[in-house]
Amino acid sequence: MNKYFLLLLFISIGNCYAQIHKNYEPTKFPDRVILGWQGNASASSQSVNFRTDSTITKSVGMIAEAGADPEFVKNAITLNAVTESVIIDRRSVLYHTVHFDQLKPNTQYAYKVGSGDHWSEWFHFKTASDKNEPFSFLYFGDAQNDLRSLWSRTIRGAYSKLPSVQFMIHAGDLINNAFYDWQWGEWFEAGGFLNGMVPSLASPGNHEYGNNPANGKYEISTHWKPTFVHPENGPEKMKETTYFIDYQGVRFISLNSQIAFLDSSALDAQAIWLEELLAKSTNQWKVVFHHHPIYSTKSGRDNEAWRNKMEPIYKKYNIDLVLQGHDHTYGRGINMPLGKTRKYPDGPIYVVSVSGPKMYDIGLQDWMDRAGSNIQLYQIISLVNNKLSYKSYDVTGQLYDAFDLTKDTQGKKTLKDYDSQLPNERLALPIRVQERNTAAQNKEYESRFQQYKKRKAATKK
């Protein structure tokens with residue numbers, strides 16, 4: 001291969017990337033509009049972030065109670081945005097945040113953002129109730145790759161399945177390369193208008209961290225804080241990555257597992273913060289989400305330090321559900337001794353899921369009660385009084401996993417597992433994994449698969 005050919009190849013690749021970047025360049029019009037919360041007042045506030053080019057130095061948000069007639073716009077009030085400049089790909093980009101507060105609980109609002117002649121469309125959202133009323137939310141494992149082409153069908157399918165959903169949880173690795181703006185552009189394009197109507201709660205994964213081209217430091221993406229608006233109630237140096245919010249009687253807690261792997265003091269600080277937070281909680285239900293699993297689903301992975309620090313706290317304070325990503329397979333189960341009934345869980349139910357197309361080999365570890373390989377999934381979780389209902393769907397809309405968790409007044413939990421009524425588990429390894437494996441590795445997986453089936457059969461007796 002001669003130098004001239006290599007030069008042409010590099011120029012061609014560079015032009016492709018330049019075109020991708022050009023497609024997602026900011027303009028005077030607001031884009032990447034996304035809802036969240038600045039604080040814990042989910043029934044009386046809502047926040048929105050959006051992006052423009054560097055010429056729009058002052059932006060506002062307009063909001064009114066939504067009406068069936070278009071005259072509602074006459075009642076809109078205007079609030080100034082807080083604007084910050086961020087250097088992305090060596091150019092200045094402006095991110096704007098508007099905090100809508102003093103809102104009525106359980107009320108539908110319409111809002112738009114912009115300035116002058118450059119506005120978004122009017123979006124709708126609904127505030128939380130100030131009572132412990134039923135609600136549902138979405139949970140996504142890693143999106144990460146082929147966001148525009150393949151992850152789009154996951155988030156759009158999830159919204160189509162339940163358009164009344166109240167918010168979305170993303171358990172890390174939303175993108176593949178932390179500092180590549182075009183990947184963030186694809187993530188937003190995949191979600192489209194949904195991000196402006198359904199609030200997002202996200203935890204960072206290892207792919208939200210990388211070497212910052214501006215300073216050479218390994219750190220969280222410069223996109224993270226300008227993009228999302230999360231409660232700033234976590235430990236110092238982990239604001240908007242470690243945080244909590246109470247929603248209609250349920251406490252949701254985001255932890256930053258990636259920073260804990262990079263710095264043991266960050267692991268300790270989060271554990272102290274979490275224990276103090278849970279000790280004061282009076283919520284009936286508690287849900288934790290983070291990227292790295294307490295119990296892995298991928299063969300050969302084990303996050304021992306993370307588990308040893310966090311699981312005792314989860315058990316002590318009766319965490320109900322732990323939602324995770326990272327391993328690009330599906331697993332749901334409880335850390336209980338083999339042979340002991342799962343009907344009365346004495347600890348959290350752990351879930352690892354994947355929403356994007358990147359797939360790994362599954363470990364079929366003993367903690368799993370339901371597993372899945374080579375399948376894109378989304379989860380709809382509903383809470384009604386003393387019952388948590390969990391449903392996992394594949395991207396064609398077929399139910400893949402389901403259980404109900406009920407809790408009595410003393411906090412004792414009862415699990416109803418629908419595994420026997422569900423389709424057969426998809427446990428074949430991805431073709432690319434089978435082709436990459438040696439014959440011995442594929443044989444070892446077949447042995448593991450037979451052991452898993454035998455264990456599940458014994459559990460059902």
Side-chain angles (χ1 to χ4, degrees), residues 29-51 59-82 95-114 119-140 155-156 158-170 187-202 227-231 240 243 245-250 252 254 378 380-383:
F29 286 91
D31 68 2
R32 302 189 185 181
V33 179
I34 188 167
L35 288 179
W37 289 278
Q38 182 185 34
N40 196 28
S42 58
S44 60
S45 71
Q46 193 75 76
S47 301
V48 57
N49 276 13
F50 58 100
R51 183 189 77 153
S59 286
V60 300
M62 297 183 68
I63 188 169
E65 286 189 44
D69 62 82
E71 301 302 318
F72 79 89
V73 299
K74 295 179 180 178
N75 300 318
I77 62 171
T78 301
L79 292 150
N80 290 330
V82 175
Y95 283 86
H96 314 269
T97 305
V98 180
H99 301 298
F100 302 119
D101 57 10
Q102 299 182 35
L103 305 179
K104 297 178 182 178
N106 200 27
T107 302
Q108 189 176 50
Y109 285 88
Y111 77 95
K112 69 174 183 176
V113 293
W119 293 91
S120 71
E121 64 269 50
W122 285 94
F123 292 94
H124 282 183
F125 70 82
K126 191 174 185 179
T127 51
S129 173
D130 56 357
K131 301 178 177 61
N132 296 351
E133 295 183 358
F135 70 96
S136 300
F137 65 95
L138 298 173
Y139 147 55
F140 300 100
I155 186 170
R156 295 173 192 180
Y159 183 76
S160 298
K161 181 69 74 173
L162 188 66
S164 61
V165 69
Q166 272 79 7
F167 58 88
M168 302 182 280
I169 284 177
H170 301 273
W187 187 86
F188 271 97
E189 185 177 2
F193 70 87
L194 309 183
N195 293 314
M197 295 180 65
V198 183
S200 290
L201 299 174
T227 291
F228 298 105
V229 53
H230 291 147
E240 293 194 78
Y243 57 88
I245 189 166
D246 293 329
Y247 195 98
Q248 293 180 198
V250 182
F252 292 89
S254 168
Y378 59 84
I380 296 175
I381 302 165
S382 303
L383 291 112

Working to the nearest 0.5 Å, report the span between [atom1] of [X] and [atom2] of [Y].
{"X": "S120", "Y": "F29", "atom1": "OG", "atom2": "CZ", "value": "10.5 Å"}
{"X": "Q108", "Y": "L103", "atom1": "CD", "atom2": "CG", "value": "13.0 Å"}
{"X": "T227", "Y": "N49", "atom1": "OG1", "atom2": "CG", "value": "7.5 Å"}
{"X": "E240", "Y": "H230", "atom1": "CD", "atom2": "NE2", "value": "7.0 Å"}
{"X": "K161", "Y": "S136", "atom1": "NZ", "atom2": "OG", "value": "13.5 Å"}
{"X": "D101", "Y": "L79", "atom1": "CG", "atom2": "CG", "value": "7.0 Å"}

Under 4.5 Å between any side-chain heavy atoms of [X] and [Y], yes or no?
{"X": "M168", "Y": "Y139", "result": "no"}
{"X": "L383", "Y": "P134", "result": "no"}
{"X": "V198", "Y": "F193", "result": "no"}
{"X": "L35", "Y": "F228", "result": "no"}
{"X": "V98", "Y": "Y111", "result": "no"}
{"X": "F137", "Y": "I380", "result": "no"}
{"X": "Y243", "Y": "L201", "result": "yes"}
{"X": "S42", "Y": "I245", "result": "yes"}

Kindly give the heavy-atom pair with the smallest separation between [X] and [Y], and that separation in Å.
{"X": "A202", "Y": "S254", "result": "O-OG, 3.9 Å"}
{"X": "P163", "Y": "S160", "result": "CD-O, 3.7 Å"}
{"X": "M197", "Y": "F125", "result": "O-CB, 3.8 Å"}
{"X": "V229", "Y": "S47", "result": "CG2-CB, 3.6 Å"}
{"X": "P231", "Y": "G39", "result": "CG-O, 3.6 Å"}
{"X": "K104", "Y": "E65", "result": "NZ-OE2, 2.8 Å"}

Strictly under 6.0 Å, is that where the ring centroids of [X] and [Y] end up?
{"X": "F167", "Y": "Y247", "result": "yes"}
{"X": "H99", "Y": "W37", "result": "no"}
{"X": "F140", "Y": "Y378", "result": "no"}

### Task
Count the heavy atoms belonging to other residues, nucleotides or ligands that lie under 6.0 Å from NZ of K126, then report whether that count exceeds 12.
no

### Query
Would T127 and Y109 satisfy side chain to side chain contact (heavy atoms under 4.5 Å, CB included), going step by step from the backbone distance to the final call?
CA-CA 8 Å; T127 51; Y109 285 88; 4.0 Å; yes

### Task
Specify whether H170 and W187 have parallel, tilted or perpendicular ring planes, treating 30° as the upper limit for parallel and 60° as the lower limit for perpendicular.
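Rings of H170 and W187: perpendicular, as their planes differ by over 60°.
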
### Task
Look at the rings of F72 and W122 and say which category their plane angle falls in: under 30° parallel, 30 to 60° tilted, over 60° perpendicular.
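Plane angle over 60°, so perpendicular.
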
Short question: side chain of [X], backbone of [Y] - any donor-acceptor pair under 3.5 Å?
{"X": "Q46", "Y": "F100", "result": "no"}
{"X": "S164", "Y": "L162", "result": "no"}
{"X": "R156", "Y": "A190", "result": "yes"}
{"X": "N132", "Y": "G249", "result": "yes"}

#### Entry: Stepwise side chain to side chain contact (heavy atoms under 4.5 Å, CB included) check, F188 with R51
CA-CA 11 Å; F188 271 97; R51 183 189 77 153; over 6 Å; no

### Query
Stepwise, does the side chain to side chain contact (heavy atoms under 4.5 Å, CB included) test hold for N106 with D130?
CA-CA 7 Å; N106 200 27; D130 56 357; over 6 Å; no

### Verdict with supporting geometry, V113 and V60, side chain to side chain contact (heavy atoms under 4.5 Å, CB included)
CA-CA 6 Å; V113 293; V60 300; over 6 Å; no

